[in-house]
Every structure is written in structure tokens, then in C-alpha cells.
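Some notes on the structure that comes next.
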There are 2 protein chains.
Amino acid sequence: MARPRAFDEKQVLDAVRDQFWDAGYAATSLEDLMRVSGLGKGSLYAAFGDKRQLFLRALRSYTDESHGRLREALTEAPRALDALRALLEAPVDDAMGEGVRRGCLMANSTSELGNADPEVLDHAHRTYETSTALIGDCVARAQREGDVSAEADPTELARALLAAQQGLVFMSRTGMDAATLAATARSLAAQLLPDRSGD
Amino acid sequence: MARPRAFDEKQVLDAVRDQFWDAGYAATSLEDLMRVSGLGKGSLYAAFGDKRQLFLRALRSYTDESHGRLREALTEAPRALDALRALLEAPVDDAMGEGVRRGCLMANSTSELGNADPEVLDHAHRTYETSTALIGDCVARAQREGDVSAEADPTELARALLAAQQGLVFMSRTGMDAATLAATARSLAAQLLPDRSGD
DNA sequence: GGAATTCTTGACCGTGCGGTCCACCATAAG
DNA sequence: CTTATGGTGGACCGCACGGTCAAGAATTCC
């Protein structure tokens, strides 16, 4: 054996991910990446390859974690309907936090690079397919629990919810104030997931 | 007087807008702008200032035109409800065209630059306020025409429609196929703008 | 035609980029 | 302690970037 690594790969990926998240891919320089990671160019290149590969690693790490958290949120909620509603109101909850200012890294990356980088586009496609499947499962559970009409197609409703959520996340980035955003989220939730307690 | 300009300002702005639209701000070089506009650096700088100012000009021109077309579509439709539904299905209609591949320039720009450039953020904010107002007027008309529940708050519904539309535009950029996208659009339209012909 | 004025072209500039490379260093095995 | 191995940091490279500028071309006015 020889000299061991002096850095933690996960920590570096997280720092790098935050930098790409804040500034975007093109606007992030290698110097930025060195600064936030604390590593020299040589180490960065030896460990991760060039800037694009490092970006893809950070992006995959981000989507993996996001899906993990999504799965957890959707399955652990006592009632599926509540989890689905929370999905729409999530962009609002941390309306004063970083989530709103930065949006979703996967969405930002798709917007910036989807045209030019087929690999990013493909990753985006797979990511949203997975999200749709996760949400669809939760919709199916809500149906079994009697909170969503049994006639709805779970996948179809999942896609509508996902589109609405992405729209909300985007609207929040335009500087819309928290109260208005919250009202819009509630409005969308009320129409896509109507209250059936009276049935 | 002296030598007149050999180029049409509008044509240059359109060409430049398309370039920024395809590649984004940071990934567009001055050489790209010279190529698509047919102008030399000197002319570009004398006429529009630096890259950022040129970008802002092109962006404003884009949003002005978009709002013009939106206003036209919303007011000229015989029935307001049809115009609102078309709003959601617009991203799908040209599903094979450029609209889907490129998304919305204002949305892309907000995503790329909103964090870093307050002027872009401010422009985004104003733009979506205007869009909300235009759509809200159309919702009010639909209410007068009896196609939308009179209890709904027009502005609120306008925001929900706008969020849904932005979400659809984004989903289309992830490589979702046209049929699935169309189904999602119909699904959202059905829930946000339910058929009241039976009332 | 000449003068004045504006537009156009492209050479030029300094800078910072992404990426390479190598001398040095820390560690583990013998 | 020596040696082998892999990690580290920064000097270095060529390039393309955004931006400047001056000389020349095109036009109008007199």
C-alpha cells in the first residue's frame, strides 16, 4: 500500500454539488471547485477525471439522495394522501431557505445542458421516470386508503403532480413571495388531490 | 449624416436570441454571436454594448413578443375556456418542434442566471406577474361566459395554470415522449379547468 | 469633389480557462 | 531504514475568452 487519501469522497462531492448548484455548470470554474473542495487540481483530476465527469458524479449523487428521501417521505407517511400533498407544498415549506433560491439541481442541469449533453438528458429522463414511479406507487396507496378516486390512473396522476411540483419550484425561483407561492401550492393540491372525506 | 447601418437591429436581436436560447448565456461565446449575427465585434459592441447588455436586450425583446402573442391568443379566442386549455396544451402542440427542445428562454435564463444577476431575476418576476395578469383576465372572461366556477379567484387560478404550464414545458425538456406529455397536459387541464357543460 | 461623420472590420490585448505534468510527500510492506 | 506506491500541490501550457482600438469604407452635407 501507499499514501492514503486525505479527503473524503462524499464530502468533496457534496461541496462540488453545492457549487454547481449555486452557479451552474458553465459558470463554475476549476478554481471554484478547488476552493470549495480544498483539493488541488491534480487530486481532483486523479480522483474524478475532468470537470464534466466530476459534475456527472455530483449530479448522480444528488439524484440518488433525492430519490432516497422521496421514497422515504412517500412510504413513511401514515397516510399516502398527506405525503402527496406535502410533495406540492415542499417547495414552499423552506420558502426562506436555499431550496427556493437554487431550485432543483437536476432541473437546472436539464435546462442548462439538456440540449447539448445527451448524457445529462438521458439521466434527466431516467430520473423523472423513477420519480413518476415512486409517486405513482404512493397514489396507488392513497387509492387503497380511499383518499383518491379509484378511477384515476396512478401513473397519470403522478405525472400531473410532478409537473405541478416542478412548476411550483420554478415559480418560486422567479422571486414570487412565500405567501403567494403557498396559496398557489394549496390551490393546485386542492384541485389535483381533492378532499374526498365527504364520500 | 454619415454612413448608415448595414444591419437590421431586429434581425440581429432575433439571431442572437436564438443562439442564447440554444446554448444558454455562459455557453455562448462572442464568436457565436458574431457568426449568427453576421456582424464584427466592433459593430456588436458599438450597437449593443457588451455581451450581458446584448443578452438583456434579446431577452426583453423575447418577453415582449411572447406577451404580445399570449395577449392575442387569450383575447382572440371565441371562448376563453378554450384559450386557457390551449395554454396547457401549447407545449405539446409543437412537441416535435423547437419549442420543446429549447423550452422557454425566460425560464432557462431565470434558471441559469436568477441567482447571480438581480436584473434577470427582476425581469423574470415582472414577466410572470404580467403573464399572471393576462391569464387572470382570461379566467375572469371564462367566468363571465359560465365556463369557470364564479367562486374561483381568477388570479389564483391563473397562477396555478401558469405553474402547471411551466411544469409541462419543463417535463417536455426531459425527453418525455409527445404522447405521454399530451396525456399529462390533458389530465392537468381536466382537473384545473373542469368541464361545466353539465351545470 | 471635399469634409465631416458614422459604421465596419479585424488585428490585437490581457486574462483566466480547462487540462497536463512532475517533483515532492506520506504511508505501508519488507 | 529502505523501498515501492500512490496522493498531493502547484507550476506550467496552449487556447479561447470578452473586450478595445485604430484604420478604412460608406454615406451626407456643403
Side-chain angles (χ1 to χ4, degrees), chain A residues 1-60 108-109 112-113 115-120, chain B residues 1-60 108-109 112-113 115-120:
Chain A
M1 277 303 160
R3 180 177 177 175
R5 280 192 173 157
F7 64 90
D8 177 62
E9 190 162 297
K10 180 66 168 54
Q11 279 176 16
V12 168
L13 280 178
D14 285 355
V16 156
R17 172 206 63 195
D18 284 343
Q19 172 61 36
F20 282 127
W21 205 345
D22 281 333
Y25 177 78
T28 291
S29 71
L30 277 193
E31 203 192 336
D32 292 329
L33 296 174
M34 288 166 63
R35 181 173 38 78
V36 300
S37 69
L39 268 60
K41 280 191 186 181
S43 306
L44 230 35
Y45 270 75
F48 301 100
D50 65 10
K51 182 185 171 186
R52 179 169 168 277
Q53 286 178 265
L54 177 53
F55 171 74
L56 289 173
R57 279 286 299 274
L59 185 59
R60 288 195 202 101
N108 298 353
S109 304
E112 180 181 358
L113 303 169
N115 278 345
D117 192 327
E119 198 160 340
V120 171
Chain B
M1 278 304 158
R3 178 175 180 176
R5 280 193 172 155
F7 64 90
D8 178 62
E9 190 162 296
K10 180 67 168 54
Q11 279 176 16
V12 169
L13 280 178
D14 285 355
V16 157
R17 173 206 62 196
D18 284 342
Q19 172 61 38
F20 282 127
W21 205 344
D22 281 332
Y25 176 78
T28 292
S29 70
L30 277 192
E31 203 193 336
D32 292 330
L33 296 173
M34 290 166 62
R35 181 173 38 78
V36 301
S37 69
L39 269 61
K41 281 190 186 181
S43 306
L44 232 36
Y45 270 77
F48 301 100
D50 64 10
K51 182 185 171 185
R52 179 169 168 275
Q53 287 178 264
L54 176 53
F55 170 76
L56 290 173
R57 279 286 299 274
L59 184 60
R60 289 193 201 103
N108 297 353
S109 303
E112 181 181 357
L113 304 169
N115 278 346
D117 191 328
E119 199 159 341
V120 170

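Basis for what follows: all heavy atoms, side chains included, without hydrogens, waters or symmetry-related copies. In what follows, every chain begins at residue 1, and chains take the letters A, B, ... in the order their sequences are listed.
Taking atom CZ of residue A:Arg35 and atom P of nucleotide C:dG18, one finds them 12 Å apart after rounding to whole Å. When the P atom of D:dG10 is taken as reference, atom CE of A:Met34 falls 7 Å away, rounded to whole Å. Rounding to whole angstrom units, CG of residue A:Leu44 and P of D:dG7 are separated by 14 Å. Between the CG atom of A:Asp50 and the P atom of C:dC17 there is a distance of 16 Å, rounded to whole Å.
Counting heavy-atom neighbours within 6.0 Å of B:Gln53 CD, excluding the residue itself, gives a total above 12.
For A:Tyr45, whose side chain is taken as the heavy atoms from C-beta onward, the closest listed nucleotide among C:dG19, D:dT8, C:dC12 is C:dG19. For B:Leu30, counting side-chain heavy atoms from C-beta on, the closest listed nucleotide (D:dG19, D:dC17, C:dG18) is D:dG19. Residue B:Phe7 places its side chain closer to C:dT8 than to any other of D:dC17, C:dT8, C:dG18.
Using a 4.5 Å cut-off on side-chain heavy atoms (C-beta onward), A:Leu113 and A:Phe55 make contact.
Note that A:Lys51 lies outside the cation-pi zone of A:Phe20, set by a 6.0 Å cut-off to the ring centre and a 45° limit from the axis.
Side-chain N/O atoms of A:Lys51 and base N/O atoms of C:dG19 include no donor-acceptor pair closer than 3.5 Å.
Each of A:Ser43 and B:Tyr25 lies near DNA chain D, and the nucleotide nearest A:Ser43 is the one positioned closer to the 5' end.
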